[in-house]
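First the structure, in the form of structure tokens, and then the observations on it.
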Amino acid sequence: MDIQAISGNLAEIEADALLVYLIEGGQLVNNGKAVDDALKGAISEVIEGGDFTAKSGETLVIYTRGAIPAKRVIVVGLGEEDKITLEIVRRTAASGLQKARDLKLKHVAGGAVGVNSGRFETAESAQAMTEGALLGLYQYHGQKSSVTPEDVPEKFDLVTVNVDAASTGIATGKAFAVGTSLTRKLINLPPNILTPAYLAEQAEAMSKEVGLSIKILEKAQMQALKMGALLGVAQGSDYPPHFIVMEHNADKKNELDTVVLVGKGVTFDTGGYSLKTSVGMTSMKADMSGGAAVIGAMRTIAELNPNVHVVGLVPAADNMVSGNAYRPQEVLTASNGKTIEIISTDAEERLLLADALVYAQRYNPAAVVDIATLTGSMIIALGHTTTGFYSNDDAISAKLSNAGDTTNEFVWRLPMYEEYSEALKSDTADTKNSGGAAGRAGGAGVAAHFLSHFVDYNWAHIDMAGMIDNDGKNPYQPKHSAKGYGSRLLTEFVRQWVE
Ligand code: BES
Ligand code: ZN
Ligand code: ZN
């Protein structure tokens, strides 16, 4: 769908439908009043009759019967006035355009929520409208052999008095939506298609398209780098591992700050010999969600072009069972020489991250942020709306929290008290990879301590295990798809790095 900013009077615009917005309790905003007047009060009549309460996301369709050039008006509820945030703007755009899609309309026009009232700047509202509209219309058809293409609106005109500011916001919103859509697609693909090699190919194709530098390390190069932890996990699979390295502003790395983003790329997690239950395994094609978030973020970053040297690292591998798979009680040596006693082969994620975090050191980074579907324990701690993170740096933590609030991809800092590391003490190696029964309590914090063995810089670790689930309640996160969590968060973090 094409989105553009235009000027003009909403009531005079020709379209299949106009979007107007209503606050719960009765007030039409953004020129909705003018449209209502032109319709001789047809909208207010329905509201006064009590037929439409304008809860956030509710829609009402009114035919204009020739009173204005547009054929219909779609009234979208904003919910309570004091709860209208940019997140509500995203959801409102998604609900309005989904209604237009259901009616098979081609051309929709509407204002940017909250601008006339002075609540939001034109650019920020236009950005949120664009994100909500595009992400709300996202579709994934999987591998169905016959798909009737769904009609989607072709054009959304954002009617505004400030076309320049709105156009800037629309461009930013598009860049965010395209990155998140890529993240979603990669997660949605089944594990027989999305192998480590395929993930690397996708990252490479994307990088070439948007002008990022890209390098893929194959198994032999990982062996040369002595990435024994990553290789230990990967050796049980017939699909060889790939280590993806994407770079934005590689040519300016000596002048600019370097931010490294690291995403877990386990393309399927069976648990290995510490086998998961069949139920526990059902969502594990999504165990590369952190890696997909980094690839999506790199795409958005390439388009928004912030003045930072950004490196995206995705160690990609499968965690399988086979005659050659790694086993509990093995001792692996990571690329910084640290030895790891394997307690659980299901704690594979931290082994991949260990070698990737060591690799990040070579960039002399100002900040490293890793993101991973790391522990079931984090889901118990914070549920499916908030992601917990750990950090050794207050400035990074503040920026991450800020980015979470801006994007509505919430994060919450959790403590890294030394006591959590007790469970990792090993008799045979420098550390265990999991606390076993002793490390079950507070397992997400124990995992963060494990990772800190491989970190020698300012760092944050985001455990996004709870974000795999999608209850479908957010209109711009359609239920049949992964949410694509993290791509907007990481991009916003990088943007705020230079602000
Ligand atoms: N991929 C899982 C974590 C996970 C679980 C993500 C459920 C999303 C939903 C990870 O590799 C894992 O298996 N973690 C173990 C660690 C334990 C063995 C220390 C866990 O959380 O049970
Ligand atoms: Zn696992
Ligand atoms: Zn895993």
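For ligands, and for the atoms within them, numbers begin at 1 and follow the listed sequence.
For Phe243 and Tyr359, the distance between ring centers is under 6.0 angstrom.
Protein heavy atom nearest atom 15 (C) of ligand 1, with residue, atom name and distance: Asp346 O, 4.0 Å.
Compare Arg350, Glu349, Met467 by their heavy atoms: the one nearest to atom 17 (C) of ligand 1 is in Arg350. Taking all heavy atoms of Met284, Lys264, Lys432, Glu348 into account, the minimum distance to atom 9 (C) of ligand 1 is reached by Met284.
With ligand atoms numbered from 1 in the order given, ligand 1 contributes 6 (C), 8 (C) to contacts under 4.0 Å with heavy atoms of Ala465. Using a 4.0 Å cut-off to heavy atoms of Gly376, the atoms of ligand 1 that qualify are 20 (C), 21 (O).
Residue contact check for ligand 1: Met378 places no non-hydrogen atom closer than 4.0 Å to it. In this structure, Asn433 falls outside the shell of residues with a heavy atom less than 4.0 angstrom from ligand 1. Within the 4.0 Å heavy-atom cutoff, Lys276 counts among the residues contacting ligand 1. Put simply, no part of Met281 is less than 4.0 Å from ligand 1, judged by heavy atoms.
Applying the 6.0 Å contact sphere to CD of Gln143 captures more than 12 heavy atoms from other residues, nucleotides or ligands.
The OE2 atom of Glu348 and the OD2 atom of Asp287 meet at the Zn ion (ligand 3) at an angle of about 100°, given to 10°.
Residue Asp269 approaches the Zn ion (ligand 2) most closely through its N/O/S atom OD2.
Taking 2.8 Å as the threshold, Ala372 does not count as a candidate ligand of the Zn ion (ligand 3), since none of its N, O or S atoms lies below it.
Salt bridge absent: Lys399 and Asp393 never bring a charged side-chain N and a carboxylate O closer than 4.0 Å.
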